[in-house]
Q: 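Take this structure, written in structure tokens, and hold onto it; I'll ask about it next.
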Amino acid sequence: MKTIYFDCAMGAAGDMLTAALLELHPDPEGVLRRLNGLGLPGVEVSAVPSVKCGITGTHVSVKVHGEEEESMDVSHDHDHGHDHGHDHDHDHGHDHDHDHGHGHGHEHDHDHDHGHDHGHEHDHDHDHGHDHDHDHDHDHGHDHDHGHEHDHDHDHAHEHSHSHGHHHAGMHEVEHIISHLPVSEKVRGDALGVYRLIAEAESHAHGRPVEEIHFHEVGTLDAVADVAAVCLLLEELAPEQVVCSPIHVGSGQVRCAHGILPVPAPATAHILREVPTYGGSVRGELCTPTGAALLKYFVNSFGPSPVMRVEKIGYGMGSKEFEAMNGVRALLGETEEAGDSVLELRCNLDDMTPEAVGFAQEQLLKAGVLEVYTTPVGMKKNRPGILLTCLCRPEDKEKALSTLFAHTSTLGVRESLCSRYTLRRSQYTVETELGPVRVKESSGWGVSRCKPEYDDLARLAEQHGLSLQEVLRRVEESRSK
Ligand SMILES: O=C([S-])c1cc(C(=O)S)c[n+]([C@@H]2O[C@H](COP(=O)(O)O)[C@@H](O)[C@H]2O)c1
Ligand code: NI
């Protein structure tokens with residue numbers, strides 16, 4: 001099975017993942033041309049050779065209007081001049097003051113030309129600078145309370161070396177940008193899915209609904225470029241599975257727009273719940289929210305490198321220097337097609353009511369079995385009975401057995417160990433005129449197919465008073481656009 005393995009012994013950031021995948025791609029120059037042709041205003045993506053600990057790799061630089069952003073670890077040894085003027089005064093409470101109190105004492109004309117005209121008439125006439133002709137006249141209706149006249153003209157002409165140019169954007173703006181990218185439906189869906197993870201994490205960390213979240217660094221165009229780049233590269237490299245090592249997240253503190261936060265940053269920590277991570281002894285932010293969201297979205301399993309015949313290796317270097325090589329290593333190769341094993345537990349029942357059998361099935365599913373079903377059988381003394389079959393993982397056997405004995409009348413259970421071969425499953429989201437719909441993809445063993453998620457179709461059918469069939473028809477229609 002075509003596999004990409006990410007070695008995240010020094011964490012992961014969007015640019016590191018992009019660079020590692022770029023090294024695996026047969027035509028990195030072509031990918032860079034496509035990335036620079038996405039129409040992200042002011043964004044320039046380039047790849048430069050980088051040597052860390054004597055190892056050569058690639059560093060991807062994403063510049064937005066000539067500026068590159070990086071995370072700033074707090075060093076306790078020399079935490080003085082390091083402020084980089086990063087303490088923006090904006091208030092995440094989302095009434096969007098935009099006072100951009102950089103505290104630099106310099107006067108610049110803010111002209112966020114990545115889009116919304118902060119000229120403050122507030123009909124938000126989005127001009128994303130896309131070349132393709134989408135005529136989106138966006139009325140955000142945000143009730144911004146600017147109370148000031150100045151024309152935010154962020155053209156980054158200000159010579160201040162610390163002019164970070166933080167573009168604050170909400171999920172709505174980011175969705176808008178992504179959904180107009182000239183890429184495939186899958187790449188757009190993936191990029192939106194990755195951003196949703198970031199938005200949910202921000203929402204959780206700041207205790208605000210997703211719609212009220214204004215991205216800080218993660219919302220800027222460099223993060224959009226990183227996310228789009230990784231989605232595009234993974235589409236073109238087309239691995240059948242992505243496996244990743246436990247993630248080294250780093251330790252200490254990182255300086256953010258709103259102050260000093262612990263490492264991993266709250267958004268990163270939220271995204272990486274239930275993913276194997278460790279803090280290690282390196283002081284610094286090794287895994288960023290964007291890196292975390294990309295891994296969470298694309299990785300099928302975490303653990304050691306599987307048995308694989310490696311064909312290509314990519315080193316994606318970060319910008320910070322540590323004693324260890326600060327890079328993500330990506331291995332591309334073929335793993336052996338290995339099936340897994342499941343247990344089949346069976347018993348024949350001839351003295352239970354249908355209600356009691358139904359209840360037993362529910363209890364078995366709650367106990368974590370993979371599947372449970374009944375088959376009519378003719379039993380001794382001409383009694384019609386049922387064969388109850390339950391599939392479970394070998395490690396769940398004890399629980400399944402005790403549930404079977406507790407909730408059925410059986411006196412004995414038969415067990416067989418079965419080899420099982422499965423298709424790899426993944427999911428992406430498609431935006432349709434009716435609302436978002438998740439699409440399940442399954443692939444492997446030479447097949448690849450996809451199917452809209454029934455629950456989403458049913459929800460939209462109810463919401464819009466349509467038949468399931470009509471919703472499906474419209475979803476298929478927007479997928480083929
Ligand atoms: O400014 C704020 S509030 C902030 C919050 C958080 C949270 O986790 S909440 C994180 N950050 C930092 O921003 C950069 C973003 O890096 P990306 O590469 O993902 O764009 C990173 O250093 C985060 O720790 C800021
Ligand atoms: Ni902010």
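Keep in mind it's a predicted model, so treat the numbers as computed, not measured. Order of appearance sets the numbers: ligands from 1, and atoms from 1 within every ligand.
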Q: For ligand 1 and E202, I'd like to know whether there is a polar contact (N/O to N/O, distance under 3.5 Å).
A: no
Q: Is there a donor-acceptor pair under 3.5 Å between the side chain of K320 and the backbone N or O of E285?
A: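 Side chain of K320 to backbone of E285, a donor-acceptor pair under 3.5 Å: yes, one is there.
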Q: With rounding to the nearest 0.5 Å, note down the distance linking NE2 in H270 to CD in E202.
A: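 The distance works out to 10.0 Å.
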Q: If you define the side chain from C-beta out and look only at heavy atoms, does anything of L295 sit under 4.5 Å from I247?
A: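 Sidechains of I247 and L295: in contact.
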Q: One residue to check: I198. Relative to ligand 1, which of side chain, backbone, both or neither has a non-hydrogen atom less than 4.0 Å away?
A: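 Contact part for I198 vs ligand 1: neither.
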Q: Check this for me - ligand 1, A267, N or O atoms closer than 3.5 angstrom, yes or no?
A: yes
Q: Heavy-atom contacts with T290 under 4.0 Å: which atoms of ligand 1 show up? List them by number with element.
A: 17 (P), 18 (O), 19 (O), 20 (O)
Q: Measuring from non-hydrogen atoms of H206 to any atom of ligand 1, is the shortest distance under 4.0 Å?
A: yes
Q: Is the closest heavy atom of A13 to ligand 1 under 4.0 Å?
A: no
Q: Could you check if a side-chain atom of R449 sits within less than 4.5 angstrom of a side-chain atom of L423, using non-hydrogen atoms only?
A: yes
Q: What residues form a salt bridge (Lys or Arg N to Asp or Glu O under 4.0 Å) with D456, not counting sequence neighbours?
A: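 Counting only residues at least two positions away or on another chain, D456 forms a salt bridge (Lys or Arg N to Asp or Glu O under 4.0 Å) with R438, R459.
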Q: Report, in ascending order of atom number, the atoms of ligand 1 lying under 4.0 Å from any heavy atom of E285.
A: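 Per the distance check, 21 (C), 22 (O), 23 (C), 24 (O).
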Q: For residues 40-54, pull every pair meeting side chain to side chain donor-acceptor pair (under 3.5 Å), keeping only residues two or more places apart or in separate chains.
A: K52-E321
